[in-house]
Structures are given as structure tokens and as C-alpha cells.
Amino acid sequence: QVQLVESGGGLVQPGGSLRLSCAASGSIVSINVMGWYRQAPGKQRELVATITSGSSTNYADSVKGRATISRDNAKNTVYLEMNSLKPEDTAVYSCNAAVLTTTTGGRYLSVWGQGILVTVSS
């Protein structure tokens, strides 16, 4: 069994910055793509950013230039740093990882964290 645990959310003032972390634990053999998604109240979940095991990154247009995704493969952890935060960045942020474990028969499974709330407000 694999778990993803996010941390670092909370209340941030407009124009401020934050750093989210997501650590994967369990019987992990390897992790392919890791990513951050968010769901604002009343809206569909949307991609924020993804990063491959080789550190290739992809960002949503809404956060390009304001967000940086990174990962520490030794720690099975992915990070999201965002600056110049806006009220419209308020959402529950969830991490996702494609994980190969000792029990998945060679297949990567998509695993989600429980989500963490980020509120951008003065």
C-alpha cells in the first residue's frame, strides 16, 4: 500500500508565496510522473503542474511563471512552490503519483493524496 501525504497549506495573503510538499511512502519500487492538481469550490479539478522522473516539467497556463514543481527522488517527495498568489489560487491542492510497488505486477498505479487547503485572502 502506498500513501501520499501533503503538507504546507494554509492561509496566504494575496501576493504571497507558499511551498507544498507531498511525500510518498510504502512498498515503492519507483515513481514515474508526480503532479499537483487543485479543485476550487464549485469547479472541476484541474492540473497545476507535473514532473517526470527525469525532471521534465509541465505547467498549467494559469500558474506559468508563478509556480515551480520539483522532486527529490531519494525522498519520494514532490514540491510545489508558488508566488504572487491570487485569490483565484484558493483551492484544495492534491498530489498524484504514478507508483510502481512490489505488489502491482509491473504496473504503475495512480495514487492520490488526501488534499490540502490553500486559501489566498487578506
Using a 4.5 Å cut-off on heavy atoms from C-beta on, say whether the side chain of Ser121 contacts that of Leu11.
-> yes

Could you walk me through whether Asp89 and Lys86 pass the salt bridge (Lys or Arg N to Asp or Glu O under 4.0 Å) check?
-> CA-CA 5 Å; Asp89 292 316; Lys86 308 172 184 179; over 6 Å; no

Met82 side chain reached by Val63 side chain, heavy atoms, under 4.5 Å | yes

State whether the side chain of Thr57 and the backbone N or O of Ile51 hold a donor-acceptor pair below 3.5 Å, judged by distance alone.
-> no

Please name the pair of heavy atoms, one in Pro14 and one in Ser122, separated by the smallest distance, quoted to 0.1 Å.
-> CD-N, 3.6 Å

Compare every heavy atom of Ile31 with every heavy atom of Arg71, then report the nearest pair and how far apart it is.
-> NH2-O, 3.1 Å

Regarding Asn96 and Ser110, is there a side-chain donor-to-acceptor distance under 3.5 Å anywhere?
-> yes

Hydrophobic cluster identity match, Leu18 and Met34, side-chain contacts under 4.5 Å | yes

Mind listing the closest non-hydrogen atom pair of Ile28 and Asn76 along with its distance?
-> CD1-ND2, 3.8 Å

Chi angles and distances behind the side chain to side chain contact (heavy atoms under 4.5 Å, CB included) call for Tyr37, Thr50 | CA-CA 9 Å; Tyr37 294 76; Thr50 60; 4.1 Å; yes

Would you call Thr68 and Tyr79 a side-chain contact if the rule is heavy atoms closer than 4.5 Å?
-> no

Would you say the side chain of Ser62 lies within less than 4.5 Å of the side chain of Arg38, judging by non-hydrogen atoms?
-> yes

Flag the pair Ile69 / Val78 as yes when at least one side-chain heavy-atom distance between them is below 4.5 Å, and no otherwise.
-> yes

Nearest heavy atoms of Ala67 and Tyr59, plus distance in Å = O-CE2, 3.3 Å

Look up atom OG in Ser55 and atom CG in Asn73, then write down how far apart they are to the nearest 0.5 Å.
-> 6.5 Å

Any side-chain heavy atom of Arg45 sitting closer than 4.5 Å to one from Trp112?
-> yes

Would you name the heavy atoms of Ala97 and Leu4 that are closest together and state the gap between them?
-> N-CD1, 3.8 Å

Go through the steps to decide whether Glu6 and Ser94 satisfy the test side chain to side chain contact (heavy atoms under 4.5 Å, CB included), and finish with yes or no.
-> CA-CA 7 Å; Glu6 299 104 336; Ser94 300; 3.9 Å; yes

Going by heavy atoms in the side chains, are Val2 and Leu109 under 4.5 Å from each other?
-> no

Is the CD atom of Gln39 crowded by more than 12 outside heavy atoms at less than 6.0 Å?
-> yes

Does any donor atom in the side chain of Tyr108 or Ser30 lie under 3.5 Å from an acceptor atom in the other side chain?
-> yes

Kindly compute the distance separating CG (Leu47) from CH2 (Trp36), expressed to the nearest 0.5 Å.
-> 13.0 Å

